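First the structure, in the form of structure tokens, and then the observations on it.
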2 protein chains.
Amino acid sequence: MRLSRYFLPVLKETPSEAQIASHRLMLRAGMIKQQSAGIYSWLPLGYRVLRRIEQIVHEEQARAGHIAMLMPTIQSADLWRESGRYDAYGPEMLRIRDRHDRDMLFGPTNEEMITDIFRSHVSSYRDLPMTLYHIQWKFRDEVRPRFGVMRGREFLMKDGYNFDLTYEDAMHAYNRHLVSYLRTYERMGLQAIPMRAESGPIGGDDTHEFLVLAETGESEVFYDSEITELTFGARRIDYDDHAQCRAVLEEFTSRYARTDDTHDEAEFEAQVPQERRRRARGIEVGQIFYFGTKYSEPMGATVVDPDGNRVPVHMGSHGIGVSRLLGAIIEASHDDRGIIWPEGVTPFHVGIVNLKQGDEAADLACEQLYAAVTEAGLEPLYDDTDERAGAKFATMDLIGLPWRITVGPRGLKNGVVELTSRRTGESEEMPPDQAVTRLAQIYAGKL
Amino acid sequence: MRLSRYFLPVLKETPSEAQIASHRLMLRAGMIKQQSAGIYSWLPLGYRVLRRIEQIVHEEQARAGHIAMLMPTIQSADLWRESGRYDAYGPEMLRIRDRHDRDMLFGPTNEEMITDIFRSHVSSYRDLPMTLYHIQWKFRDEVRPRFGVMRGREFLMKDGYNFDLTYEDAMHAYNRHLVSYLRTYERMGLQAIPMRAESGPIGGDDTHEFLVLAETGESEVFYDSEITELTFGARRIDYDDHAQCRAVLEEFTSRYARTDDTHDEAEFEAQVPQERRRRARGIEVGQIFYFGTKYSEPMGATVVDPDGNRVPVHMGSHGIGVSRLLGAIIEASHDDRGIIWPEGVTPFHVGIVNLKQGDEAADLACEQLYAAVTEAGLEPLYDDTDERAGAKFATMDLIGLPWRITVGPRGLKNGVVELTSRRTGESEEMPPDQAVTRLAQIYAGKL
């Protein structure tokens with residue numbers, strides 16, 4: 001993309017309404033625009049990151065054997081009356097009456113609808129196990145939306161639902177989701193720690209939240225510091241293997257790690273030596289639940305089991321806060337000058353800065369780099385505007401592309417350009433083609 | 001994908017509520033499930049096609065230099081009061097009151113919001129031309145939703161908006177959209193004819209609708225039969241070249257082609273020799289508008305022009321009915337046995353039918369084919385269930401994958417499998433690796 005043809009409305013001033021870094025930086029970098037309280041437009045740069053995050057979620061869901069579909073945003077109130085949640089949900093539910101005076105709502109979650117789909121089409125244990133998911137916009141009418149996309153009213157969520165014949169199979173689905181979420185977050189450059197939590201309006205006994213540690217997090221968390229040393233890494237997992245998934249769950253959840261809902265100070269002190277006890281704040285970026293037959297029983301989602309009996313299926317639901325993740329990633333990865341995108345989610349893979357637009361050699365070298373980077377399967381953002389070098393650097397730093405190539409007449413005389421890491425600030429001079437090769441190596445396996 | 005692990009709830013009976021072929025077939029093929037009147041869930045197979053169509057739209061928009069972003073579904077009523085459309089829009093607008101008693105609505109289109117974004121961030125002619133688009137769910141509270149996804153209430157639309165300094169530039173944007181839409185529809189295997197139409201609630205003088213001819217179309221259309229001989233084909237277009245785009249527009253719109261809104265019988269008879277006059281029905285799959293300063297003037301979307309004057313920008317909007325396209329494609333491409341997907345949008349590229357599940361040689365050959373097809377960058381759907389061969393064929397015909405490989409013990413003894421075209425029904429025996437090579441050739445350039 002050439003910046004002269006792009007729509008990147010960066011702001012010089014820090015918007016006064018934004019209280020936390022991610023909100024400030026998303027506004028300043030021209031990623032979002034508030035349309036109403038807690039409702040945002042995703043400007044082109046923000047939309048690109050949103051799509052990359054969505055793509056990673058899709059890929060990891062497919063890897064775990066989960067099946068993508070899409071449910072609508074508007075739901076009938078009748079479905080929610082079947083589960084009893086229509087009255088129970090409270091004022092966060094956006095209730096709507098259509099032109100025929102039917103009660104509708106903008107879905108805050110989809111347990112009822114997916115259960116309805118299941119009961120309409122599945123009747124035998126032979127079709128199990130099954131996990132369906134979608135990535136769809138949700139609405140929760142927060143009384144006080146804040147922190148930008150971190151606590152918006154309209155937000156994008158991946159929610160998945162497993163259907164299993166037995167408790168044991170459903171717990172495997174639970175473990176499998178935990179494994180796939182660990183992979184998912186790590187690909188985004190995040191450490192998200194599974195912590196025991198409370199289930200809230202979804203229901204059920206077993207639930208873990210995934211939290212990214214950040215000073216601006218809304219939840220208080222308590223954990224054993226050893227947990228932060230765990231990484232999922234490149235290990236290979238057979239998602240059908242119950243024991244393998246169970247082992248990962250045990251590895252990542254056996255140490256003390258809880259949100260304030262479930263925190264027990266006495267237990268914390270008994271289990272964790274003082275020097276490893278941590279109190280911090282965290283941003284919730286996902287949650288997994290097992291809730292058994294809470295929905296299948298009242299809604300009649302049953303299958304015939306191998307003995308010929310009709311039994312309600314065991315279910316769980318599993319969510320990733322897709323739009324909120326942008327905020328979480330920025331909270332975890334920024335500095336005074338702006339955002340620092342992890343390679344896995346960056347909106348463009350490299351920025352090309354032309355120090356002297358209009359200089360024949362510089363323009364030509366930039367065009368050649370642009371073509372070579374594209375040819376390597378990467379997406380460059382080329383600042384081909386007439387701005388001063390300082391302003392170009394400031395914009396690149398603000399929008400946080402992890403790598404920058406700087407091209408100027410002086411370097412070109414020596415046959416070199418400069419490759420700079422946004423994270424470390426370190427620069428290295430090298431011939432243009434070597435810079436492209438280096439970028440291809442950096443991104444290999446990260447896309 | 002292995003069918004034994006997929007969720008493909010095909011129906012044996014024809015659902016009685018469905019009046020037209022596409023609606024019937026989408027229900028029978030397990031692509032959609034109605035959740036409320038005019039509101040559908042996209043089951044896994046339907047979702048796959050929806051995503052492919054979306055992807056083609058994104059690619060062709062990028063090719064034309066248009067910039068992707070995303071606006072929210074819920075909008076503030078205040079924006080629509082600025083343009084005067086809040087009161088004018090009528091009962092098709094889904095009006096909502098939030099918990100703070102603010103008037104909101106589920107967006108049926110986005111002229112106001114995009115104009116608001118533009119005026120907040122752009123102030124100089126130097127930033128023009130600019131075309132922004134998004135693909136987002138819309139809601140129109142139709143009094144009588146029908147024909148499945150063809151006239152639903154919640155539907156997916158691509159809507160794009162151009163901002164230009166002059167009338168001439170805006171007309172180039174109009175022409176450019178026409179060109180890019182021709183390409184877009186052809187990649188989906190559709191012939192969509194641009195016809196002069198009326199602008200309706202969007203406003204403006206210049207507008208063309210794109211119609212796919214089909215008996216079940218809701219619009220009556222009148223055209224010169226020569227039009228159906230035009231194809232865009234593989235021609236290369238420079239989307240910045242005003243003359244080139246203009247020439248395509250002239251080629252495709254100079255012959256008589258109108259919807260009943262603008263039809264003029266006397267003109268029709270004067271312009272078109274009798275033997276070329278056609279009256280038919282069509283499905284609207286897109287529309288382009290030029291409406292000048294209709295929104296920019298009341299909403300204050302102005303730029304400073306080269307002479308230093310503040311002038312309202314010239315705008316147009318351009319829509320593609322993404323979810324509706326599935327219905328249109330099926331209406332245009334099906335037979336008694338089911339859907340026939342064009343290669344460009346098929347949910348899976350090839351079906352693999354194992355005639356004797358459990359037979360060692362057949363199972364092994366299928367697994368090897370599955371791996372080889374995947375390796376070739378294509379997605380197979382492998383029917384690995386215990387169903388009879390007849391039932392497997394019926395399902396494959398119903399869901400409409402354009403190619404099928406049939407694997408059975410008898411053929412394998414001679415080292416061959418069978419490659420069958422869904423469209424022609426013709427089969428050819430060949431060694432498995434040759435079938436994979438053939439598929440790769442068929443799909444080359446179509447993905």
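Computation of the quantities below employed the complete heavy-atom set of this structure, encompassing side-chain atoms and omitting hydrogens, waters and symmetry-equivalent molecules. Computed from a predicted structure; not experimentally measured.
In this structure, His121(A) contributes its side chain and Val10(B) its backbone to no donor-acceptor pair below 3.5 Å.
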* To do: Go through the steps to decide whether Lys33(A) and Ser120(B) satisfy the test side-chain contact (heavy atoms from CB on, under 4.5 Å), and finish with yes or no.
  => CA-CA 9 Å; Lys33(A) 178 186 187 307; Ser120(B) 305; 3.1 Å; yes
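The contact between Asp240(B) and chain A is made entirely by side chain atoms (from C-beta outward), counting heavy-atom distances below 4.5 Å. Residue Val122(A) touches chain B through its side chain alone, counting heavy-atom pairs closer than 4.5 Å. If you measure heavy-atom distances from Tyr6(A) to chain B, the contacts under 4.5 Å come from both the backbone and the side chain. Only the side chain of Met130(B) comes within contact range of chain A, with at least one heavy atom under 4.5 Å from a heavy atom of that chain. Looking at His58(B), the atoms closer than 4.5 Å to chain A (heavy atoms on both sides) all sit in the side chain, from C-beta outward. Leu132(B) touches chain A through its side chain: at least one heavy atom from C-beta onward sits under 4.5 Å away, while N, CA, C and O do not. Looking at Arg97(B), only its backbone comes within 4.5 Å of chain A, counting heavy atoms on both sides. Heavy atoms of Phe139(B) lying under 4.5 Å from chain A belong exclusively to its side chain. In this structure, the portion of Ala37(B) lying under 4.5 Å from any heavy atom of chain A is its side chain and not its backbone. For Phe7(B), the parts sitting under 4.5 Å from any heavy atom of chain A are the backbone and the side chain alike.
Minimum interatomic distance between Asp141(B) and Arg99(A) (heavy atoms only, all atoms of both residues): O-NH1, 2.6 Å. Contact record, Ile74(A) with Glu154(B): N-OE1, 3.0 Å, taken as the closest heavy-atom pair. Taking all atoms of both residues into account, the shortest heavy-atom contact from Ser41(A) to Met71(B) is OG-CG, 3.4 Å. Between Arg95(B) and Ile96(A) the shortest heavy-atom distance is O-CG2, 4.4 Å.
Met104(A) is listed as a side-chain neighbour of Arg153(B), based on a closest heavy-atom distance under 4.5 Å. Trp137(B) places a side-chain heavy atom less than 4.5 Å from the side chain of Leu70(A).
Between chain B and the options Gly30(A), Pro9(A), Pro72(A), Pro91(A), the largest number of non-hydrogen pairs under 4.5 Å is found for Pro72(A). By number of non-hydrogen pairs under 4.5 angstrom with chain A, the leading residue of Glu142(B), Arg48(B), Met93(B), His134(B) is Glu142(B). With chain A as the partner, the residue from Leu50(B), Leu43(B), Leu45(B) showing the most heavy-atom pairs under 4.5 Å is Leu43(B). Interface check for chain A: of the options Ile117(B), Leu156(B), Leu128(B), Ile39(B), the most heavy-atom pairs under 4.5 Å are formed by Ile117(B). Between chain A and the residues Ser36(B), Gly65(B), Ala68(B), Ala62(B), the largest count of heavy-atom pairs under 4.5 Å involves Ala68(B). Contact tally against chain B (heavy-atom pairs below 4.5 Å) for Met1(A), Gln75(A), Gln136(A), Arg126(A): the top residue is Gln136(A). The most heavy-atom pairs under 4.5 Å with chain B, out of Asp78(A), Thr73(A), Asp127(A), Leu94(A), come from Thr73(A).
Side-chain polar atoms of Ser76(A) and Gln35(B) form no donor-acceptor pair below 3.5 angstrom.
Within 6.0 Å of CG on Asp386(B) lie no more than 12 heavy atoms contributed by other residues, nucleotides or ligands. No more than 12 heavy-atom neighbours from other residues, nucleotides or ligands sit within 6.0 angstrom of CZ on Arg5(A). Heavy atoms of other residues, nucleotides or ligands lying less than 6.0 angstrom from CD of Glu13(B) number 12 at most.
The distance from the CE atom of Met69(B) to the CH2 atom of Trp42(A) is 11.5 Å, given to the nearest 0.5 Å.
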